[in-house]
A.B. asks: 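Below is the structure I would like to discuss, written out as structure tokens.
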2 protein chains.
Amino acid sequence: MPHLLPLADEPAPERADAARNREAILAAALRLVRTQGVGCVTMDTVAAEAGVGKGTLFRRFENREGLMAAVLNESETAWQASVISGPPPLGPGAPPLERLLAFGHSRLRTNLTHAELIAAAGHPGARSAAALSFANMHVRYLLGELGVHGDLLMLATALLAPLEMVVLDQQVNAEHITLERIEAGWDDLVRRVVRA
Amino acid sequence: MPHLLPLADEPAPERADAARNREAILAAALRLVRTQGVGCVTMDTVAAEAGVGKGTLFRRFENREGLMAAVLNESETAWQASVISGPPPLGPGAPPLERLLAFGHSRLRTNLTHAELIAAAGHPGARSAAALSFANMHVRYLLGELGVHGDLLMLATALLAPLEMVVLDQQVNAEHITLERIEAGWDDLVRRVVRA
DNA sequence: AATATAAGCGGACCGTGGTCCGTTTAGCCG
DNA sequence: CGGCTAAACGGACCACGGTCCGCTTATATT
């Protein structure tokens, strides 16, 4: 019997070898994505590169999408940090409207930069609500600062939606709309929503 | 040498057996989707059900997504018809704002209804720009009627974006937001954009 | 009707994502 | 330190999407 009773249901601490493997896999995946491009990274390849069996890989990361989501998360985290505590106008210090506009532009570029990875991470449900929910929370906060009234959750979602890759991809790759026009369009949308 | 010179580059008329097979495949796919659900419909199954070889199937419909897009298209077409020439407020006859609101609600329900199929048809780039571009054009038209000024293409895209399945799925399945709230949120968005 | 030919056909084959299960090992306890 | 158990491992195995290529057949032409 264990000395310390498990409080609530802790997700069971990861065994040392498990942790080591998780890191090895993530590192391998990151390396391969960088060198070969997302498309060429197969699960077998990653397993080989990480020096583990395929089974291990699938136990740590539920499936390919999960692995890609984890890889994507590396950069996502850095981006979130720069939103929370980076230099203005993206970070704190600038007036709310400027911050909101900067946020949109930054998100736009970031998404476009990681387009392949985002596609491979698939369905946002899989890539944890985390990313999406962070963005939503931040926009909601800025809308609040701007004195906007109404259902802020919905409003934030509406502002974020046109920045989703599904939409962006269509605009950029099928309709050949320039980045500038998309940015301008988004700015316009924001101004209409906040009635500035 | 042919009697009639090909004007421009006609896409070469489909051979009779080819046409027959295309229909057989589509019918089989439709039947299977209805009875088994989208997830259980494999390409082999469809081929078998249609009584054709796998190769044939892949020649007619580039890939699984293409086939699903074709199946989806059946209902999509009917929906488009009801938008263009159905009864008001969705169809013509009602004032533009009412039509726009009705359009959003209808689109919302339709997307939710075909959620699985839309996911299986994947990437909107594949499911031809057609569907998306029809919706965009219609919204643009209604915005024009409403006397909205600005980059209507972008505005229409912004209004359509929150109705995309990626967004809806997140809201309904992860955040458990009610349909009514989503509708209300969209109505609010529309009113802000058109400044009604 | 006979012939030519390009379009179409089908199913063997392949790569990749994902599962399963017999074997190994980390962590704990006496 | 030796033994025990649950967790983790790894690679054989499977299913499904997608390709390839030798054979068949619709259609046009005479």
Side-chain angles (χ1 to χ4, degrees), chain A residues 1-6 9-26 28-29 32-33 36-71 119-123 126, chain B residues 1-6 9-26 28-29 32-33 36-71 119-123 126:
Chain A
M1 197 186 230
H3 284 170
L4 300 157
L5 304 181
D9 46 284
E10 305 172 29
E14 204 172 40
R15 232 169 66 175
D17 51 349
R20 227 177 309 127
N21 279 338
R22 142 171 271 113
E23 291 211 17
I25 291 169
L26 205 50
L32 286 173
V33 166
Q36 319 268 352
V38 179
C40 302
V41 178
T42 82
M43 294 305 260
D44 292 279
T45 316
V46 174
E49 174 84 12
V52 304
K54 229 211 253 205
T56 304
L57 200 158
F58 276 93
R59 186 154 341 85
R60 297 289 129 227
F61 305 89
E62 185 159 346
N63 50 29
R64 189 185 141 98
E65 295 193 352
L67 177 56
M68 292 312 189
V71 171
H123 189 234
Chain B
M1 199 184 229
H3 283 168
L4 300 155
L5 304 182
D9 46 283
E10 306 172 28
E14 203 173 41
R15 232 168 67 174
D17 52 348
R20 227 177 309 127
N21 280 335
R22 141 172 274 113
E23 291 211 15
I25 291 170
L26 206 52
L32 287 173
V33 165
Q36 319 269 352
V38 178
C40 302
V41 178
T42 80
M43 295 305 260
D44 292 278
T45 316
V46 175
E49 174 84 11
V52 304
K54 228 206 237 205
T56 303
L57 199 157
F58 276 93
R59 186 153 342 84
R60 297 289 133 230
F61 305 89
E62 187 160 344
N63 50 30
R64 190 185 140 98
E65 295 194 350
L67 177 56
M68 293 312 190
V71 171
H123 189 235

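Reckoned from all heavy atoms, side chains included, excluding hydrogens, waters and symmetry mates. Lettering follows sequence order; numbering is per chain, from 1.
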A.B. asks: Tell me the closest heavy-atom pair linking A50(B) and I25(B), and the distance in Å.
C.D. replies: CB-CA, 3.8 Å

A.B. asks: Taking CZ from F61(A) and P from dG18(C), how many angstroms apart are they, rounded to a whole number?
C.D. replies: 14 Å

A.B. asks: Please determine, for the side chain of R15(A), which listed nucleotide (dA7(D), dG8(C), dG11(D)) has the closest atom?
C.D. replies: dA7(D)

A.B. asks: What residues, two or more places apart in sequence or in another chain, satisfy side-chain hydrogen bond (donor to acceptor under 3.5 Å, both in side chains) together with R15(B)?
C.D. replies: D17(B)

A.B. asks: Look at T42(B) and dC16(D) and indicate whether a side-chain polar atom (N or O) is within less than 4.0 Å of OP1 or OP2.
C.D. replies: no

A.B. asks: Measuring from the side chain of R59(A) (C-beta onward, heavy atoms only), which nucleotide among dA8(D), dT19(D), dC9(C) has the closest atom?
C.D. replies: dA8(D)

A.B. asks: Calculate, to the nearest 0.5 Å, the distance between atoms OG1 and NZ belonging to T45(A) and K54(A) respectively.
C.D. replies: 9.5 Å

A.B. asks: Just compare dG8(C), dG18(D), dC9(D) and give me whichever is closest to any side-chain atom of E14(B).
C.D. replies: dG8(C)

A.B. asks: Let me know the distance between CG of D17(B) and P of dA6(C), rounded to the nearest Å.
C.D. replies: 17 Å

A.B. asks: Roughly how many Å is it from CG in N63(A) to P in dG18(C), rounded to a whole number?
C.D. replies: 5 Å

A.B. asks: How long is the straight-line distance from CD of E62(B) back to CG of L57(B), given to the nearest 0.5 Å?
C.D. replies: 12.5 Å

A.B. asks: Among dT19(C), dG10(D), dG8(C), find the nucleotide with the atom closest to the side chain of F58(A).
C.D. replies: dT19(C)

A.B. asks: Within this structure, what is the CZ-to-C1' distance between R64(A) and dA15(D), rounded to whole angstrom?
C.D. replies: 18 Å

A.B. asks: Please check the phosphate of dC9(C) (OP1 and OP2 only) for any side-chain N or O of N21(B) closer than 4.0 Å.
C.D. replies: yes

A.B. asks: Can you tell which of dC9(C), dG10(C), dA8(D) lies closest to the side chain of R60(B)?
C.D. replies: dC9(C)

A.B. asks: Working to the nearest 0.5 Å, report the span between CG of N63(A) and CE of M68(A).
C.D. replies: 10.5 Å

A.B. asks: Which residue, A16(B) or G55(B), contacts DNA chain D at a nucleotide closer to its 5' end, judged by nearest heavy atom?
C.D. replies: G55(B)

A.B. asks: Which of these nucleotides, dG17(D), dG27(C), dC9(C), is closest to any side-chain atom of T56(B)?
C.D. replies: dC9(C)

A.B. asks: Return the value, rounded to whole Å, for the distance between atom CG of L67(B) and atom P of dG18(D).
C.D. replies: 10 Å

A.B. asks: To the nearest angstrom, how far is M43(B) atom CE from dC14(C) atom C1'?
C.D. replies: 17 Å

A.B. asks: Would you kindly give the CD-to-C1' distance between E62(A) and dT19(C), to the nearest whole Å?
C.D. replies: 12 Å

A.B. asks: K54(A) has a side chain; which of dG17(D), dA8(D), dA12(D) sits nearest to it?
C.D. replies: dA12(D)

A.B. asks: Counting the atoms with a prime plus P, OP1 and OP2 as sugar-phosphate, which does R22(A) contact under 4.0 Å by heavy atoms, base, sugar-phosphate, or nothing?
C.D. replies: nothing

A.B. asks: Nearest whole Å is fine: how far is dG15(C) C1' from D44(A) CG?
C.D. replies: 9 Å

